[in-house]
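Worksheet for the structure shown next.
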Amino acid sequence: MSQTGIPKTYDPHAVEARWYAEWERRGAFEADPRPDRRPYCIVLPPPNVTGALHMGHALNGAIQDTLVRRARMKGYEALWLPGVDHASIALQNVVERKLVREEGKTRWDLGREEFVERCRVFAEESRSRILGQLKRLGASVDWRRLRYTMDERYIDSVLTAFIRLYEAGLIYRGYRITNWCPRDRSAISDLEVNYEEVDGRLYGLRYTFVDGKGPGPDGNEYAQVFSTRPETMLGDVALVVNPDDERYRELVGRKVLVPFVEREIEVLADPYVDPEFGTGVLKVTPAHDPNDYEIGERHGLEPVNVLNPDGTINENGARFAGMSREEARTAVVEALSEEGLLGEVRPYRHRVGHCDRCGAVIEPWLTEQWWCSMRELAEPAIEALKDGRIRVYPDSWRRETIRWLENLADWNVSRQLWWGHRIPIWYRDGEVVAAKESPGEGFEQDPDVLDTWFSSALWPFATLGWPEETEDLAYFYPTALLSTAREIMYLWVARMIMTGLRFMGDIPFEKVNVHSIVLAADGTKMSKSKGNTIDPLDLFDRYGADAVRFGLLYQSSTQDFAYSYERAELGRSFVTKLWNATRFVLQYPQRGESREASAADRWILSEFTRTARDYDAFLEECEFSEAMRLIYGFAWNQFADWYIEIAKAAPSPATPRVLREVLLGILRLLHPVMPFATEEMAYVLGEQELLVHHPFPEYDSTLEDEEADRLLDRTKRAVSAVRSFRAESGLDGELEGRVPGEVDEAVFTALSGVRPVRSLDGARATLTAGDLVVEISLTEEMRRTEIERLRKEISRVEDEVRRAQGKLSNAKFVERAPAEIVSGERRKLETNTRLLKTLERRIEEYL
RNA sequence: GGGCGAUUAGCUCAGCGGGAGAGCGCUGCCUUCACACGGCAGAGGUCGCUGGUUCGAACCCAGCAUCGCCCACCA
């Protein structure tokens, strides 16, 4: 404790909870349509109600909160709209695992209704935890407007969207090869499959001829193909070779036998086959491979399905029926081997699809699903990205998204899950009706639910009331910005653009900020299984929410970054520094004179307003790291290190006023980033109004003062030169010296400890700092060391002169370099030449 | 197989055409009345490699190396 009665170190814990409650109590984050103000809206990417917030949420929360608080201070009616996502497949997975773990039951043991109820309850609990975490972060969201993808109005939006697309012919039902997850017993979309390299095997499979025409072209009694999934041979309906493959000309049209199932199939010709791969013969299993399905279509082959939804072999698999896919693979290979039908088995590294949610190996499988036709939806989205109506930071992601949209396949929107929005399609005796509720007696609803991203895709307008034409929607849509990690650019962002343009006739947001992914401290991805996750709440406890937020923004860029605790420490030190600056300013009387500002006063105001301008511009361009570096540098290195020191040593009548004004300005600039600590400091300073309601500092050209800037720049250099000299020579105490021209004499004298004298006789040190010279009187004993020092200085300045001369003597440089660069070199040459003469004169005098 | 990005001080990262920067760490001095989560002064980089463009390259271009990440139906 000090005389101010305020602790030296800022303690975030009590302060944070207190201010958040106060902001809420005063409705500081509430926003409603107001015609007299411009709207600014950010919709929070809804966290999944599956668990807790992670570092990505913390970073993105810090980004959004910073932008929305800044907009609020700038006088916008700023709405940050919160919400959570029911996360269909993810939540179902979590609940299913819990069920097995705690009760040893599956979802089928419970039945659909009971299971969905369990999901609902789990979501409820998880959701309240997440909301609490958002408050800890300081998120300035309007809690009155909290939305949930499973609340009644939202469900209505989802069903409306589905039905409209269905009626427009953009949603249709169709048999296709889909990505089937046997563990979830559901189809998933292309985007939910992760391909991983695995070490597998290529098995040689032999099919004996059954047409009695004798051996094949290679003299064998069989045709051989290579497959990574031998168990799928049970569903083979043909073999194919390339029509141009000379080796197999005679093979086309012959019949072979599929072992075990005893099916006779034909060898066909199809250009899809690559003669270079394996034997150049391919087996065709239309029900279990997308390419085979296409080949089957071309040749009018009937697919044979050999799998059950859970991945076991079905009745078409003869004696393998009932086995799991893995067991069947082993068994088929063994059986082939016994019958002499197994060819070469080679190790083979290839990519295998895994379920994004549960990790199970995906089975391409022929099923009937609901599809959303994408081309018509994608076109306007591509346009909006191309013509810049939607800007993306960084721009490279705009181009990536366009590319993705241009190559977009239809979207499988149905899932054979229980937790989610039930598809609003009803059947009765071959009749199919799209309706939110049962169209009448005897209708049965489609059992499937919608892809969770189908509902998320409507987020920016469904949360504002769509399909109703609400005032909110009219006022806040299109929203200002969407901030997200790039992982969900396609999964979510691209789809919001498509649905926004489709249903609202306008883009959903003007800007997209694609932020970094926060990696673990070792530079790898954080994952629970690796145990390298960092819990933001732990960080808040250790460093305070403001420090963590500052650290995250300081490190945020377009590049992924390994989380570094140092950045949180940096933030914490910064908060403490500001806290102590506040304590310092508090010692001054609140009423300051407004007249008689010194050069130093004018200088810090000039620096401040420029900082405010550039800082704001960085935030506008989502350059958070740059913005943090800038404000940190100003507050610490200019305001605290120089101006506060000047205020102590050489104050003017206006200094108390300027100190307070600049400190408050810094607090205002930083409030969006570090809301709690800055609010507390403003409060401690006696500000009546909540900082939340203060105006954001604007650039004021009348504060720019070139003369003061130049004077203080020179003064600071002169002071530093003396300090360096003191450190090197070990000279303490007061010195006598000549004040160089064009420096603030009072400041120079006070901070350097040099007492000004008119003229110096005898030994003296000649210090240089850029273009200025400081002379300090010395004792005779120091003459020797000064000569040494001067020699070094001379050699340094000589190098400078040579460098400039070299450049200027290059005719091409003078001719082709921009005029200001050339004149800049001339100026340097001049000042250094003058400096050199001075130094040489001194050394001559001493020798 | 395509595409994108990275490689800068011991560490984590900025800078992206005109003389190499920050934080942490390190060295020396300073317990001076805002702050030792501090002050002052320092040390420390042939900016991955090889070519090219340019009066001038860490920065632009090409190639190479290493490491990431996306996308793609080769059995």
Side-chain angles (χ1 to χ4, degrees), chain A residues 2-4 6 8-10 177 190-191 195 202 225-229 232 240 272-274 276-285 289-294 348 350-351 353 364 394 396-397 399-400 403-404 407 486-487 489-490 517 519 521 523-525 543 547 551 554-555 557-567 569-587 623 625-626 628-629 632-633 637 640-641 644-645 647-648 719-720 723-728 730 732 751 800 803-804 807 810-818 820-822 824-825 828:
Chain A
S2 75
Q3 63 201 46
T4 56
I6 293 167
K8 285 161 128 185
T9 306
Y10 170 80
I177 293 284
D190 294 348
L191 288 174
Y195 288 90
L202 260 185
V225 307
F226 277 100
S227 171
T228 54
R229 296 186 298 156
T232 62
V240 282
Y272 171 78
V273 182
D274 174 8
E276 304 294 316
F277 190 94
T279 56
V281 186
L282 176 67
K283 68 192 217 36
V284 183
T285 323
D289 184 280
N291 297 311
D292 291 13
Y293 182 75
E294 281 177 27
Y348 189 62
H350 63 132
R351 296 171 68 81
S396 55
W397 271 97
R399 299 190 298 269
E400 288 289 333
R403 198 171 327 185
W404 182 78
N407 297 292
R486 59 163 191 270
E487 302 170 294
M489 277 300 283
Y490 308 142
I517 291 170
L519 304 171
T524 62
K525 263 200 153 178
Y543 302 100
Y554 191 94
Q555 220 181 350
S557 72
T558 57
Q559 216 55 44
D560 293 349
F561 61 86
Y563 186 76
S564 116
Y565 291 90
E566 279 175 17
R567 292 293 108 89
E569 283 165 21
L570 178 75
R572 185 178 56 189
S573 304
F574 191 33
V575 170
T576 305
K577 188 73 180 179
L578 292 167
W579 179 249
N580 282 297
T582 302
R583 293 175 61 228
F584 175 77
V585 171
L586 216 46
Q587 298 172 352
E623 306 243 27
S625 181
E626 289 298 322
M628 295 311 109
R629 286 167 204 274
Y632 180 94
N637 304 122
D641 286 349
I644 286 184
E645 293 311 310
K648 290 177 192 170
V719 170
S720 292
R723 286 173 174 169
S724 285
F725 176 70
R726 281 181 184 276
E728 279 157 30
D732 275 338
L751 295 188
E800 293 294 315
R803 204 190 60 85
K807 280 205 161 188
N810 180 345
K812 283 183 175 170
F813 171 74
V814 179
E815 187 185 322
R816 296 190 192 176
E820 71 232 42
I821 298 295
V822 177
E825 284 302 323
K828 284 182 211 162

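Everything numeric here is computed off the predicted structure, so don't read it as measured data. A, B, ... follow the sequence lines: proteins, then strands. Residue 1 opens every chain.
Listed by chain and number, the residues in a ring pair (Phe, Tyr, Trp, His ring centres under 6.0 Å) with A:Phe277 amount to none (sequence neighbours excluded). When the salt bridge (charged side-chain N to carboxylate O under 4.0 Å, His left out) test is applied to A:Arg629, no partner is found at least two apart in sequence or on another chain. In this view, A:Asn810 satisfies the side chain to side chain donor-acceptor pair (under 3.5 Å) rule with no residue, not counting sequence neighbours. Among residues two or more places apart in sequence or in another chain, the side chain to side chain donor-acceptor pair (under 3.5 Å) test is passed with A:Asn637 by A:Asp641. For the ring pair (Phe, Tyr, Trp, His ring centres under 6.0 Å) test, residues two or more places apart in sequence or in another chain that qualify with A:Phe574 are A:Phe550, A:Tyr632. Annotation: ring pair (Phe, Tyr, Trp, His ring centres under 6.0 Å) contacts of A:Tyr563 (sequence neighbours excluded): A:Tyr565. Considering only residues two or more places apart in sequence or on other chains, A:Arg723 meets the side chain to side chain donor-acceptor pair (under 3.5 Å) condition with none of them. Legend: residues meeting side chain to side chain donor-acceptor pair (under 3.5 Å) with A:Gln559, ordered by chain and number and at least two apart, are absent. Legend: residues meeting ring pair (Phe, Tyr, Trp, His ring centres under 6.0 Å) with A:Trp397, ordered by chain and number and at least two apart, are absent.
In this structure, CG of A:Asp292 is placed 13 Å from P of B:C74, rounded to the nearest angstrom. Going from atom OH of A:Tyr490 over to atom C1' of B:C71 covers 7 Å, rounded to whole Å.
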Practice item. For each nucleotide in nucleotides 1-11 of chain B, reading 5' to 3', give B when a protein heavy atom comes within less than 4.0 Å of its base, S when such contact involves only the sugar-phosphate, and - otherwise. Key: --SSSS-----
Practice item. Encode nucleotides 36-42 of chain B as B, S and - characters from 5' to 3', where the letter depends on protein heavy atoms closer than 4.0 Å: B to the base, S only to sugar-phosphate, - to neither. Key: SBSSSSS
Check your understanding: Dot-bracket for RNA chain B: what is it, with Watson-Crick or G-U pairs under 3.5 Å, [ ] where a pair crosses earlier ones, and | for a pair to another strand?
Key -> ((((((((.[[[[.)..(..]]]].(((((.......))))).....[[[[[..)....]]]]])))))))....
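The residue among A:Trp579 and A:Tyr272 whose nearest nucleotide of RNA chain B lies closer to the 5′ end is A:Trp579.
A donor-acceptor pair under 3.5 Å links the side-chain atoms of A:Asn580 to the main chain of A:Lys8, judged by distance alone. Side chain of A:Gln555 to backbone of A:Ala562: a donor-acceptor contact under 3.5 angstrom is found.
Distances shorter than 4.0 Å separate some side-chain N or O of A:Tyr348 from OP1 or OP2 on B:A75.
Nearest to the side-chain atoms of A:Ala817 among the listed nucleotides B:A14, B:A34, B:G18 stands B:G18. Nearest nucleotide to the A:Pro290 side chain, out of B:C73, B:A34, B:G21: B:C73. Among the nucleotides B:A22, B:A75, B:A34, the one closest to the side chain of A:Leu282 is B:A75.
The base of B:A34 is paired with the side chain of A:Lys648 by a donor and an acceptor separated by under 3.5 Å.
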